[in-house]
There are 2 protein chains.
Amino acid sequence: MAGIRAKQKEKTRQALINAAMNQLSAENGFSSLSLREVAREAGIAPTSFYRHFRDMDELGLTLVDECGLALRQLLRQARQRIESGGSIIRVSIETFMQFVADNTATFRLLLQERSGRSRSFRLAVVREIDHFKAELEDYLVNEQSFTRELAELQSDTIAKIVFSAGADCFDVDEEEREIITEKTIQQVRLVARGAEATRRLLKRES
Amino acid sequence: MAGIRAKQKEKTRQALINAAMNQLSAENGFSSLSLREVAREAGIAPTSFYRHFRDMDELGLTLVDECGLALRQLLRQARQRIESGGSIIRVSIETFMQFVADNTATFRLLLQERSGRSRSFRLAVVREIDHFKAELEDYLVNEQSFTRELAELQSDTIAKIVFSAGADCFDVDEEEREIITEKTIQQVRLVARGAEATRRLLKRES
DNA sequence: CAAAACAGCGTACACCTGTTCGCTGAATGT
DNA sequence: ACATTCAGCGAACAGGTGTACGCTGTTTTG
């Protein structure tokens, strides 16, 4: 009843996922890693792979999903930390950058497959980024009283900045990462100021 | 004396480059395309490939270089169109977007390999993006009288926005591309306004 | 307790890969 | 005119790839 069988299956499924992440963290793009090697690192026969995933692509999509999920959870935690005092911009970006540092392999997959490979891959990545934008947009409307339109423009801009900054962190050491983090904070503030100025501009016109 | 031999060599070298670009425009990432297939499409024997490139990587780096070079030339042309009247932001971004539409394959390579594969690849891509930033930065300092510091922050931000927007154009039709272009223009204006506000803020402090 | 389900294995197959090696014939240099 | 250079070729090799098939031994179900 405990499902000792299902439990074991889940375990090797995770082993496959971990194996794929490890191989990814090297220098190989996802498309250039092979079913056999992943299976080998997971400690199972190549043919057993098919008991868990139809394809390598199906595994890849799972990775993308998991990465996005983890990121969202983390940012939701950060949101709580903000409510008990702290700059929204600083806390969010520091959290984000820490996430990238901890999950370099999968985040790299995210960005890499964003502009490559199969359509389904790209759609999955876009979906994750859209989640990020939507949450930010809602915040700007509800807490900062921006128009929906201006909030949309702003959140899209910030998402572009932040995800690009994430990509800049891949090769660098911790010291450089902090520099990038500070720069990103300044850039997001630049956008926030621009949005504020635009809001005032629009008010004056009406 | 005409170099009929060298001319033929250059011709098949271009054939190889074109073949690689074609295969790239499909759905395969660069890392997943093979020397043999590229040679086949170029119409030469696999072994003859080595007369032109040591590696597939060497071919890839050539592609990155060519893409960056073409982009820079195009933007320099755009610069001249601006001097004879026209919004700097609008003309630049429309030019950029047109470039992406015309060179989707190589631009995709640029962005894809930006966060993947070998170190040398990434450095080459970063170098191209840095060119873009540097030219923009100089413009902001010389023509708009920004501080070097604020110009650097601004150009870096704009580069992130514009290159991300380029990536968004990959799958879409022309209609959607125009929408993205307009959005990008607004976003860059947002940043420009933010920078302007920041400049005034700093002046007041001193 | 017997029967069914099923995760994992090993073998086998056809195919594609990068790269070595020695050859050819035409363009070049002298 | 002869010797040299050298882009391109074909054959061959060792190794990797995805996947089909049928077999196990254990867990689950009835």
Side-chain angles (χ1 to χ4, degrees), chain A residues 1-63 109 113 116-118 120-121, chain B residues 1-24 26-63 109 113 116-121:
Chain A
M1 259 318 186
I4 146 166
R5 196 181 196 113
K7 205 161 268 182
Q8 180 57 32
K9 177 167 185 179
E10 181 58 27
K11 205 168 159 187
T12 76
R13 189 189 134 100
Q14 273 300 325
L16 280 170
I17 290 178
N18 289 342
M21 290 209 310
N22 277 356
Q23 311 232 194
L24 223 43
S25 64
E27 60 177 358
N28 313 314
F30 178 80
S31 55
S32 73
L33 67 89
S34 82
L35 185 152
R36 281 179 113 104
E37 274 197 16
V38 170
R40 201 175 305 142
E41 180 153 339
I44 64 169
T47 49
S48 301
F49 179 93
Y50 296 102
R51 303 287 183 194
H52 302 272
F53 303 98
R54 185 183 323 255
D55 260 341
M56 278 297 285
D57 278 14
E58 197 171 295
L59 205 185
L61 288 177
T62 306
L63 286 184
L109 171 69
E113 300 306 318
R117 269 190 92 51
S118 63
S120 56
F121 248 108
Chain B
M1 255 318 184
I4 146 166
R5 198 184 195 109
K7 205 160 267 182
Q8 181 57 33
K9 177 166 185 181
E10 182 57 25
K11 204 169 159 189
T12 75
R13 189 188 135 101
Q14 273 301 324
L16 280 170
I17 291 180
N18 288 342
M21 291 208 309
N22 277 355
Q23 312 231 196
L24 223 46
E27 57 178 0
N28 313 314
F30 178 81
S31 56
S32 74
L33 66 90
S34 82
L35 185 152
R36 280 180 114 103
E37 275 197 16
V38 170
R40 201 173 306 143
E41 180 153 341
I44 63 169
T47 49
S48 300
F49 179 95
Y50 297 102
R51 302 288 182 194
H52 303 271
F53 303 99
R54 185 185 322 257
D55 258 344
M56 277 297 286
D57 279 14
E58 198 171 295
L59 206 185
L61 289 177
T62 304
L63 286 184
L109 170 70
E113 300 308 317
R117 266 188 96 48
S118 63
R119 182 159 192 77
S120 55
F121 248 108

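Computation of the quantities below employed the complete heavy-atom set of this structure, encompassing side-chain atoms and omitting hydrogens, waters and symmetry-equivalent molecules. Every chain is numbered from 1 and lettered A, B, ... according to where its sequence line falls, protein lines coming before strand lines.
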Rounded to whole Å, please give me the gap between [atom1] in [X] and [atom2] in [N].
X     : N      : atom1 : atom2 : answer
B:Q8  : D:dC9  : CD    : C1'   : 15 Å
B:Y50 : C:dT19 : OH    : P     : 4 Å
A:E41 : D:dG16 : CD    : C1'   : 17 Å
B:L33 : C:dC16 : CG    : P     : 16 Å
A:D55 : D:dA20 : CG    : P     : 11 Å
A:H52 : C:dG8  : NE2   : P     : 4 Å
B:R54 : C:dG18 : CZ    : P     : 17 Å
B:F49 : D:dC9  : CZ    : P     : 14 Å

Do [X] and [Y] touch side chain to side chain, with heavy atoms closer than 4.5 Å?
X      : Y     : value
A:D55  : A:L61 : no
B:S118 : B:D57 : yes
B:K11  : B:Q8  : yes

Open item on the list: Just to verify, what does B:S48 make a side-chain hydrogen bond (donor to acceptor under 3.5 Å, both in side chains) with, not counting sequence neighbours?
Closed with: none
Report yes if a side-chain nitrogen or oxygen of [X] is closer than 4.0 Å to either non-bridging phosphate oxygen (OP1 or OP2) of [N]; otherwise report no.
X     : N      : result
A:S34 : D:dT17 : yes
B:R5  : C:dG25 : no
A:S48 : C:dC9  : yes
A:T12 : C:dG8  : yes
B:T47 : D:dC9  : no
B:R40 : D:dC9  : no

Task: A:I4 side-chain proximity, nearest of C:dT17, D:dT27, D:dG18 - done: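 Closest nucleotide among those given: D:dT27.
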Open item on the list: On DNA chain C, compare the nucleotides closest to B:M56 and B:R51; which residue's is nearer the 5' end?
Closed with: B:M56
Open item on the list: If you go through the side-chain atoms of A:R36, does one of them form a donor-acceptor pair with the base of D:dG16 closer than 3.5 Å?
Closed with: no
Open item on the list: Using the rule side-chain contact (heavy atoms from CB on, under 4.5 Å), only one of A:T12, A:I17, A:L59 pairs with A:H52; which is it?
Closed with: A:T12
